[in-house]
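Only one structure is covered here, and it is reproduced in the block below.
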There are 2 protein chains.
Amino acid sequence: MGKERIPEAAIRRLPVYLRVLEELSEDGVDVVSSAELAARAGFSSEQIRKDLAYFGAFGTRGVGYDPVVLSSKLKRILGLTGDVKVALVGAGNLGTALARHNLNRHKEVRISAIFDRDWDKVGKSIAGVEILPIEDLEKVIRAQGIKMAIIAVPAVEAQAVADQLMAAGVEAILNFSPAKLQSRPGTYIQSIDLMTELQALAYYTTPNSGSARLAGDEREVSEGEVSTV
Amino acid sequence: MGKERIPEAAIRRLPVYLRVLEELSEDGVDVVSSAELAARAGFSSEQIRKDLAYFGAFGTRGVGYDPVVLSSKLKRILGLTGDVKVALVGAGNLGTALARHNLNRHKEVRISAIFDRDWDKVGKSIAGVEILPIEDLEKVIRAQGIKMAIIAVPAVEAQAVADQLMAAGVEAILNFSPAKLQSRPGTYIQSIDLMTELQALAYYTTPNSGSARLAGDEREVSEGEVSTV
DNA sequence: ATTTGTGAATTACTTCACAGCA
DNA sequence: TGCTGTGAAGTAATTCACAAAT
C-alpha cells in the first residue's frame, strides 16, 4: 500500500483510467482486469496496478476490478467530486475552442466562468457561459469558490493573469501560453505549449531530401506500440 | 559528445530553447549563457547543456552560445528546415483554433492542408487555407509531400484517420482525440488529451470541504518553482 | 486457475561537481 | 576567471517476476 511518494506521471494517468472505466460502467461491464484496462487505456497492466497501488487495493485477486467501484474511488482520489468549477481566462481561438469542447464532453469538470480583457467580447457567451471583464476575476472566482483555471491569453499577459488567479485563491492552473510562469507555494502550474509540441514532432520525421541531421540519427520511432492517450 | 540514446524529454525541450534563442536573436543579443537561457526557458542550466551535448558542442567555454548559430543548429537537429508542412484533420472547434493559432505565431511549421468529412465545411477556408474533403487526404498529402499531421476529430474516427494518414506517408502525428491510437513502425504518435489534463489538475487542489481523499494526501505542490513551459 | 499487489531489478532522466578550454 | 561539456552520482519512473488471495 502507498506510503511512497506518488509520481506525477501516475497522477496524470488516473483520468485516463477513469474515462475508460466510465465507458465500461455505461456498457454495464461488472468486472475488468488490469490487462483489459491496459489495452483500452494504452498503458501496461503492471503500470496500472502500480498506479492504483499508490492509493490502496481496489481489486479482487483472481477476478479484477469493478468499474463502478473503481471509477468512484478514482474520482475521490483526484478530487473530482461534486461540481468542479474551472475559470477560463482568454476567449480567443483556443479559449473558445476549449470552452466548447468542455461543454460537449466531460461532466467531471465544468468551465463556469470566462474572462477576457477585450470589452467587445464581454457580455457575449460561449457554450452558455457569459464572458466577464477581467476586472471581475478575483470577485467572481472567490464568490464561486473556484480553485482551478485555464490560461489562454498571449504570452505577455500570462504572468499577470497567473498572479491575479493565485491572488484570488486558485490552486491549480493549466497554462496554454508559451510563457514560463512563476508559481507561488501552494499553487500547481501545468503548461502545455501546443506549437512547441508540434515542432518537436518534426524530429521524428525523415528529412525530405539530402542534408542529414547531426547526432540525431539514432532517433527511434514506435515499433507498433500504442500511443499514450 | 552524443553517442548515447537521446531522451525523448530532451527532444521536447529543444523547441523551447529554439523559441527563446530566436527572441534573443531578434533583440540583437550576440551571446547567451546556459544560465541565462535556463532562466528564460524555465529549465536548469545543466539540463540545457546536457541536452545540447547529445548533439554536439555548440558553445564557447568561458563565453556562452551565439543565439543565431545555436538556433540554426537546433532547427537543423529538429528538422525544421525549409518549409515544414502539416496536415490538419478535423475543422471543429479545436482544429479551427489550432489553424488560426498557427497562423499568428510560428513560421517554422505551417498548416498547409485542412481536411474535414463534413461537406458543409468543405470549400470554406481557415487562416487562408481551404478545407478539403477527407476523401482527398491521401492524394493531397502525397502531392505536397507532407510528413506531419494533427488529428482533431472525435475519438471514434481517430484511428481510421490515423490509418489513412500513415497510408499516405505521414510519419509523425499529434493526436488531440482521447482515443488510444495504434501506430505502425516508422510512425511516431504523440497524444495530448486536453480534458484529461484538466482533470489531473484537480488532484493538486485542496478539497473544498470535508471528505479527505485516500492516500493522496501527501500530494505536493510547487514551492515557488517555475513551470516547464 | 487466474489476476491482483508489490518488492526487486531495470531503465530513463536529472543534478552534481569538476575538468577542460577560451 | 568564467562558462561549457561531461562522466559520475543521484533520483524518478517503469518493468519484471512472483507470492498472496480468491
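Here is how names work: the chains are called A, B, and so on, in the same order as the sequence lines, proteins then strands, and each is numbered from 1.
- We find that CD1 of B/Ile6 is positioned 15 Å from C1' of D/dT6, with the value rounded to whole Å.
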Apply side-chain contact (heavy atoms from CB on, under 4.5 Å) to the pair A/Ile151 and A/Phe176, showing each step before the final yes or no.
CA-CA 6 Å; A/Ile151 295 181; A/Phe176 285 95; over 6 Å; no
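- Between B/Arg12 and C/dC13, a side-chain N or O to OP1/OP2 separation shorter than 4.0 Å is absent.
- Contact of the A/Val109 side chain with the B/Met195 side chain is not registered, since no non-hydrogen atoms from C-beta on lie closer than 4.5 Å.
- Between B/Phe58 atom CZ and C/dC21 atom P the separation is 18 Å, expressed in whole Å.
- Note: B/Tyr203 and A/Phe55 have perpendicular aromatic rings, judged against thresholds of 30 and 60 degrees for the angle between ring planes.
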Worked check of salt bridge (Lys or Arg N to Asp or Glu O under 4.0 Å) between B/Glu108 and B/Arg19
CA-CA 10 Å; B/Glu108 327 291 12; B/Arg19 179 165 42 69; over 6 Å; no
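- Heavy atoms of B/Ser44 sit under 4.0 angstrom from primed sugar atoms or phosphate atoms, though from no base atom.
- Atom CG of B/Leu37 is separated from atom C1' of D/dT4 by 13 Å (rounded to the nearest Å).
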Distances under 3.5 Å between protein N/O atoms and the N/O atoms of nucleotides 10-12 of chain D, please, pair by pair.
none

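- Under 4.0 Å is where a charged nitrogen must lie from a carboxylate oxygen, and between B/Glu8 and B/Arg13 no such pair does.
- Within the 4.0 angstrom heavy-atom criterion, only backbone atoms of the sugar-phosphate kind lie near A/Ser34; the bases stay farther away.
- Ranked by how close their nearest DNA chain D nucleotide is to the 5' end, A/Ala10 and B/Gly59 are led by B/Gly59.
- Using cut-offs of 30° and 60° for the angle between ring planes, the B/Tyr188 and A/Tyr204 rings count as parallel.
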Where do A/Arg40 and A/Leu24 land on the side-chain contact (heavy atoms from CB on, under 4.5 Å) test, with the steps shown first?
CA-CA 10 Å; A/Arg40 292 180 185 255; A/Leu24 292 169; 3.8 Å; yes
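- The two residues B/Leu18 and B/Leu80 have their closest heavy-atom pair at CD2-CD1, 3.8 Å.
- One atom, CZ of B/Phe55, and another, P of D/dT6, lie 13 Å apart when rounded to the nearest Å.
- Checked against D/dG5, D/dC3, D/dT14, the side chain of B/Ser33 finds its nearest nucleotide in D/dC3.
- When the C1' atom of D/dT6 is taken as reference, atom CG of B/Asp51 falls 13 Å away, rounded to whole Å.
- Residues B/Ile173 and B/Gln190 form no side-chain contact, since every pair of their non-hydrogen atoms from C-beta on lies 4.5 Å or further apart.
- Sequence order on DNA chain D of the closest nucleotides to A/Ala9 and B/Lys50 puts B/Lys50 first from the 5' end.
- In this structure, B/Leu52 places its CG atom 11 Å from P of D/dT6, rounding to the nearest Å.
- Between the CD atom of A/Gln47 and the C1' atom of C/dA12 there is a distance of 13 Å, given to the nearest Å.
- Note: CG (A/Leu70) to P (C/dT3) measures 16 Å, nearest angstrom.
- Of the candidate nucleotides D/dG5, C/dG7, C/dT14, D/dG5 has the atom lying nearest to any side-chain atom of B/Tyr65.
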Protein-nucleotides 17-22 of chain D N/O pairs closer than 3.5 Å?
residue	atom	partner	partner atom	Å
D/dA20	N3	A/Arg61	NH1	2.8

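- Between B/Arg184 and B/Asp163 there is no salt bridge, since none of the side-chain N atoms of the basic residue sits less than 4.0 Å from a carboxylate O of the acidic one.
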